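Only one structure is covered here, and it is reproduced in the block below.
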There are 2 protein chains.
Amino acid sequence: MTKGAKQDAPRRRGRRPGGTDTRAALLAAAREIFVEQGYDGATVRAIAARAQVDAAMVNHWFGGKEGLFAEAVLKLPFNPQDVVERVLVGDVDQLGERIVRTFVTIWDNSAGGMFTALVRSIAGHEQASNALRDFLIKHIMARIIAKVAPDRHEFRATLVASQLVGMGMVRYVARFEPLASADADTMVAAVAPTLQRYITGTIS
Amino acid sequence: MTKGAKQDAPRRRGRRPGGTDTRAALLAAAREIFVEQGYDGATVRAIAARAQVDAAMVNHWFGGKEGLFAEAVLKLPFNPQDVVERVLVGDVDQLGERIVRTFVTIWDNSAGGMFTALVRSIAGHEQASNALRDFLIKHIMARIIAKVAPDRHEFRATLVASQLVGMGMVRYVARFEPLASADADTMVAAVAPTLQRYITGTIS
DNA sequence: CAAGTTATTCAACACGGCATGAATTCTGTG
DNA sequence: CACAGAATTCATGCCGTGTTGAATAACTTG
């Protein structure tokens, strides 16, 4: 007890032996902590600690906190074009369904953190808000809606975005139950008709 | 140029003459800055500066930054019970319509800032997320839905909350156009049917 | 008008943030 | 195997944060 095990031995100085990938470790740790704390709340020290590495490595590998955020959060973990194409395949009447399922699936797995990190960083990081808009509106919704919606494309796109963002907020950021734990099928059944109407239905 | 006009003269020390309401000035400034920056981003010094007052007054009047936040942002600017009663008057088939109009109206006027401040503070302030949930779900939606929804009250409540939160995010926080500038009637026409379905419609 | 209370400012503190540069250890190439 | 370069840690610098206590000025009460 008094001296503790050798678990947190003061790390040796200088280059580490073996092919340790510090850069990747930092990226992983950064994603976790930016998700939990947002840009302002996350400290370089905390990220480095979780990666079991000195804080100075953030500067060495990414040029600073800013660069780490850009690389870990702002960079998309998948190609938007793929999502668009994948969603567009099939009957237009079931577009809402495919969109909900796609987003719930993607966000439930890897990319949900990116959404949370962006929202939690909106206050302190200028680009966060822009990144969210570019991602949802520009890269995804605009392309889908331009092909199938009858009119008022921009308004329809922001309507769809509003329901998607709301779903993300409630499900991943604020975690209101029981929606936060509802399975994909339940979410699709509930939300798909909304999106379908926003895209192809009458909105006035 | 060199010495500047007497505009930012070093304020005199000691109590100010006249019935100046420093407390109110701080509250007003705090609302502005918490809305713009969130809890973490807002600094006591910046708030005091906007109120044209020394930073120490925050401690004097509110016991600290925390107390100021509680008083300026967490305290509701209206009585939830009133909103519930006002919304419930009328045909159940137009509930969605009244809800959208009520929220857009309230938020477009005074309380939109509170929503933005809460969202921007979710990362750094524990209570922010709870406040949002208590406000939307507990105080508002639960009471409405318990009286008119056929089943699955909690799930329906969170669904409604998701669309309202999404609308707030897109309209007030992230400001996606053209939704951000759409007038109340347009929003009602677009969003009311969604809420109506979440409340009384079939969601599975 | 004297004394006490309240409001206000100023200066300073203690803390924690990010970034930097020197010192140290490993890897790779000839 | 020597040596250049890259990776890593440590110590430190500098800045901005919220909070505190003393000093000063105005108001309030007798």
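Here is the naming used below: chain letters follow the sequence lines, and residue numbers restart at 1 for every chain. Remember, predicted model here, so these are calculated numbers, not experimental data.
In terms of modelled atom types and a separation under 3.5 Å, the side chain of Glu177(A) and the main chain of Ser181(A) share a donor-acceptor contact. Looking only at distances, no side-chain donor or acceptor of His60(B) sits under 3.5 Å from a matching main-chain atom of Ala56(B).
Listed by first then second residue, pairs satisfying salt bridge (charged side-chain N to carboxylate O under 4.0 Å, His left out) with a partner in residues 124-144 of chain B number zero, not counting sequence neighbours. Counting only residues at least two apart or on different chains, the salt bridge (charged side-chain N to carboxylate O under 4.0 Å, His left out) pairs with a member in residues 103-125 of chain A are Asp108(A)-Arg171(A).
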For every nucleotide of nucleotides 25-30 of chain C, 5' to 3': is a protein heavy atom under 4.0 Å from its base (B), only from its sugar-phosphate (S), or from neither (-)?
BBS---

Got a list of side-chain donor-acceptor pairs under 3.5 Å for residues 37-46 of chain A, not counting sequence neighbours?
from	atom 1	to	atom 2	distance (Å)
Tyr39(A)	OH	Glu66(A)	OE1	2.7
Thr43(A)	OG1	Ala46(A)	N	2.9

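One finds the CE atom of Met57(B) at 9.5 Å from the CZ atom of Phe62(B) (value rounded to the nearest 0.5 Å). For the atom pair NZ (Lys65(A)) and CZ (Phe34(A)), the distance works out to 6.0 Å, reported to the nearest 0.5 Å.
Listed by chain and residue number, Thr186(A) satisfy the side-chain hydrogen bond (donor to acceptor under 3.5 Å, both in side chains) test with Asp183(A) (two or more places apart in sequence, or in another chain). Ser162(B) meets the side-chain hydrogen bond (donor to acceptor under 3.5 Å, both in side chains) test with Gln163(A); sequence neighbours excluded. In this view, Lys147(B) satisfies the side-chain hydrogen bond (donor to acceptor under 3.5 Å, both in side chains) rule with no residue, not counting sequence neighbours. With sequence neighbours excluded, the residues forming a side-chain hydrogen bond (donor to acceptor under 3.5 Å, both in side chains) with Thr200(B) are Gln196(B), listed by chain and number. Residues satisfying the salt bridge (charged side-chain N to carboxylate O under 4.0 Å, His left out) criterion with Glu32(A), sequence neighbours excluded, are Arg50(A).
One interatomic measurement links the two molecules: CG of Asp54(B) to P of dT20(D), which rounds to 14 Å at whole-angstrom precision.
Residues from residues 55-73 of chain B that place a heavy atom under 4.0 Å from any atom of DNA chain C, listed by number: Ala56(B), Met57(B), His60(B), Trp61(B). Sorted by residue number, the members of residues 40-48 of chain B with any non-hydrogen atom under 4.0 Å from DNA chain C read Arg45(B). Residues from residues 20-33 of chain B lying near DNA chain C, meaning a heavy-atom separation below 4.0 Å, are Thr20(B), Thr22(B) in numerical order.
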